[in-house]
Asks: 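Before I ask anything, here is the structure I am working with.
Numbers here are sequence positions counted from 1.
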Amino acid sequence: MTAAIPFADALSVLRAAAEETRLRILVLLGEGELSVSDLTDILGQSQPRISRHLKLLVEAGLVVRHREGAWAFFRLREGVSGLVAPLIAALDAAAPPLSEDRARLQAVRAQRADAAQSFFARLAPQWDRVRSLHVPEATVEAAVLDALGAGPIGSLVDLGTGTGRMLGLLAPRAARATGLDANHAMLSVARANLERQGLTRIDLRQGDIHAPPFGRASFDLVLIHQVLHYLDDPARALREAARLVAPGGRLLVVDFAPHSLEFLRADEAHRRLGFAPEQVAGWLAEAGLTDVRLRDLAPSGGVEHQLTVTLWLAHHPEAASGVPDRAVA
C-alpha cells in the first residue's frame with residue numbers, strides 16, 4: 001500500500017516539477033547522474049539558470065547533489081516522490097523536446113567516453129604489465145562470483161572503484177550500487193565504462209577510502225579490490241570499510257599475497273608488497289568482522305617472480321555463513 005503524501009509535501013513537489021526546464025531535467029536524471037556542465041550542453045541554457053533549477057529540485061527533495069572535486073553531480077533521489085516517478089514514466093520520450101534531449105544526452109556521453117578512453121589508453125601499458133604477472137582478470141572475477149554465491153547482493157559499495165570493473169560485474173545483481181574513488185579522472189573512466197554497459201543508475205562519488213562519506217551499516221556488501229597495496233594505512237581503510245557493513249553483510253578484499261617484486265614499489269606506486277593471509281584476517285577481526293575465509297589464486301605452472309591474488313571474505317557477526325574455501329586460523 002502506497003504511503004499517504006502530506007498535502008504540503010505534495011504541493012512543494014508539484015511546484016518544483018511543474019516547469020518545463022525542471023521537468024526535462026528530471027527526465028534526464030532518470031537516465032543517470034549528470035553534472036551541471038552536462039545539463040547546460042544538453043539543454044542549451046546558461047550555467048546560472050541550470051544551477052538555479054537544480055537548487056529548487058534539491059530543496060524539494062527530488063534530486064541529490066554530490067561534489068567530485070570542483071565538479072557537482074546530480075541524480076534523482078532514491079525512491080523519488082510517488083507523485084513524480086509515474087509522471088516521468090508516462091511522458092512520451094519519443095517526441096520533442098524529450099527526444100531531442102535524449103539525443104544530446106547520447107552525444108554528451110559519447111564525448112565523455114572518448115575522453116575517458118584517451119585517459120585510459122595512457123595508463124593501459126602500466127596496467128597490462130601488472131596484469132601479466134598474475135592470473136587473468138576473468139579468473140579473478142570468477143572467484144569473486146564464486147565467493148559471493150548466486151543470491152542477490154542488496155546494496156553494494158566498491159571502495160577504490162578505479163575503472164568501475166567490479167561494479168560492472170556486480171551491480172546488475174545489486175538493488176543499489178555505489179563506487180568511491182579519490183581520483184576524478186578515474187571516476188570519469190568508470191562512469192563512461194558503466195554507461196557503455198547500460199548501467200546508468202550507479203552512484204559514483206569522489207572521496208577518501210580512509211574516510212568514506214557514508215553512514216555506519218550502509219551496505220550489504222563492501223568491496224576493496226586491488227587497492228590496499230597502494231595505501232599507507234591499509235588497516236585503517238579496513239576499519240572504515242568494516243564500519244560500512246550492515247548486519248548480515250560482508251566485506252570482500254582482493255589483493256596480492258606477499259611477494260618480492262620491488263619494481264612495483266618504484267614503478268607502479270605500490271606501497272605494500274602484498275599481504276600475508278593472517279595479516280589481513282587479523283585486521284578484519286580487529287574491525288569486528290568474523291568468519292574470515294580466504295582463497296589463493298596462484299599463477300599456473302609455479303612460475304617464479306609472479307603474483308598470487310588472494311581473496312578474503314569476512315562477515316558481519318550477525319551472519320557468519322561459510323564459503324567453500326579454507327578458513328584462516
Side-chain angles (χ1 to χ4, degrees), residues 113 116-150 153 156-174 177-181 183 185-199 202 204 209 221-231 234 241 250-259 261 263-264 267-270 272-275 277 280 293-313 323-325:
Q117 186 59 39
S118 296
F119 174 81
F120 182 75
R122 293 195 297 272
L123 295 179
Q126 298 172 250
W127 289 351
D128 287 345
R129 182 187 186 191
V130 176
R131 287 195 187 104
S132 70
L133 299 173
H134 61 75
V135 295
E137 292 292 340
T139 302
V140 177
E141 291 170 6
V144 166
L145 294 175
D146 183 57
L148 296 177
I153 289 173
L156 156 72
V157 64
D158 182 17
L159 300 177
T161 193
T163 64
R165 188 178 183 113
M166 287 293 108
L167 285 173
L169 178 70
L170 299 174
R173 292 173 49 194
T178 302
L180 182 78
D181 204 282
N183 189 292
M186 195 61 73
L187 285 170
S188 297
V189 173
R191 192 170 284 113
N193 287 341
L194 294 168
E195 286 174 352
R196 193 178 300 114
Q197 292 180 247
L199 300 171
I202 294 174
L204 295 174
I209 194 172
L221 175 62
V222 178
L223 175 65
I224 304 180
H225 176 263
Q226 297 292 15
V227 175
L228 288 187
H229 58 258
Y230 289 111
L231 304 181
R250 298 172 289 178
L251 170 57
L252 177 63
V253 178
V254 182
D255 217 290
F256 297 127
H259 62 85
L261 302 184
F263 78 88
L264 292 177
D267 298 348
E268 306 295 338
H270 289 204
R272 301 295 185 99
L273 298 183
F275 301 92
V280 173
R293 301 277 170 151
L294 71 82
R295 179 175 178 181
D296 289 330
L297 303 175
S300 60
V303 180
E304 292 187 33
H305 307 305
Q306 289 207 332
L307 301 170
T308 293
V309 176
T310 303
L311 284 70
W312 291 263
L313 182 65
V323 295
D325 298 311

Asks: Given side chains that start at C-beta, do those of Val254 and Val140 come closer than 4.5 Å, heavy atoms only?
Replies: yes

Asks: Taking side chain to side chain contact (heavy atoms under 4.5 Å, CB included) as the criterion, tell me which of Leu204, Thr163, Leu180 meets it with Leu187.
Replies: Leu204

Asks: Show, in sequence, the C-alpha distance, side-chain angles and deciding distance for Val227 and Ile209, and conclude whether the side chain to side chain contact (heavy atoms under 4.5 Å, CB included) test is met.
Replies: CA-CA 9 Å; Val227 175; Ile209 194 172; 3.8 Å; yes

Asks: I'd like to check Glu141 versus Met166 (side-chain heavy atoms, cut-off strictly below 4.5 Å). Are they in contact?
Replies: yes

Asks: If you look at every heavy atom in Leu156 and Ala174, which pair is closest and at what distance?
Replies: CB-CB, 4.1 Å

Asks: Walk me through whether Leu145 and Leu169 qualify under side chain to side chain contact (heavy atoms under 4.5 Å, CB included).
Replies: CA-CA 9 Å; Leu145 294 175; Leu169 178 70; 3.9 Å; yes

Asks: Side-chain contact, heavy-atom cut-off 4.5 Å: Arg250 with Leu313?
Replies: yes

Asks: Looking at Pro277 and Leu294, what are the two nearest heavy atoms and their distance?
Replies: CB-CD2, 3.2 Å

Asks: Report the relative orientation of the aromatic rings in Tyr230 and His270; use parallel for angles under 30°, tilted for 30 to 60°, perpendicular for over 60°.
Replies: perpendicular

Asks: Are the side chains of Pro299 and Thr308 in touch, meaning some heavy atoms are under 4.5 Å apart?
Replies: yes

Asks: Checking Asp255 side chain against Leu228 main chain: does a donor-acceptor pair fall under 3.5 Å?
Replies: yes

Asks: Can you tell if the side chain of Leu307 reaches within under 4.5 Å of the side chain of Leu264, non-hydrogen atoms only?
Replies: yes

Asks: Roughly how far, to the nearest 0.5 Å, is CD1 of Ile202 from OG1 of Thr178?
Replies: 8.5 Å

Asks: Between Arg295 and Asp146, does any NZ, NE, NH1 or NH2 come within less than 4.0 Å of an OD or OE carboxylate oxygen?
Replies: yes

Asks: Would Leu148 and Leu170 count as a side chain to side chain contact (heavy atoms under 4.5 Å, CB included) here? Give the steps.
Replies: CA-CA 10 Å; Leu148 296 177; Leu170 299 174; 3.9 Å; yes

Asks: With distance as the sole test, does Asp296 use its side chain to make a donor-acceptor pair with the main-chain N or O of Thr310 at under 3.5 Å?
Replies: no

Asks: Identify the heavy atoms of Ala190 and Gly162 that sit nearest to each other, and give their distance.
Replies: CB-O, 3.4 Å

Asks: Going by heavy atoms in the side chains, are Phe256 and His134 under 4.5 Å from each other?
Replies: yes

Asks: Do the side chains of Arg165 and His225 get nearer than 4.5 Å, heavy atoms only?
Replies: no

Asks: For residues Asn193 and Arg196, report the shortest heavy-atom separation together with the two atoms involved.
Replies: OD1-NH1, 2.9 Å

Asks: Go through the steps for Leu167 and Leu194 under the test side chain to side chain contact (heavy atoms under 4.5 Å, CB included), then give the verdict.
Replies: CA-CA 8 Å; Leu167 285 173; Leu194 294 168; 4.0 Å; yes

Asks: Which heavy atom of Ala147 sits nearest a heavy atom of Leu311, and at what distance?
Replies: CB-CD2, 4.5 Å

Asks: Does a side-chain heavy-atom distance below 4.5 Å link Pro172 with Leu199?
Replies: yes

Asks: What's the shortest heavy-atom distance between Arg272 and Pro234, and which atoms?
Replies: NH2-CD, 3.6 Å

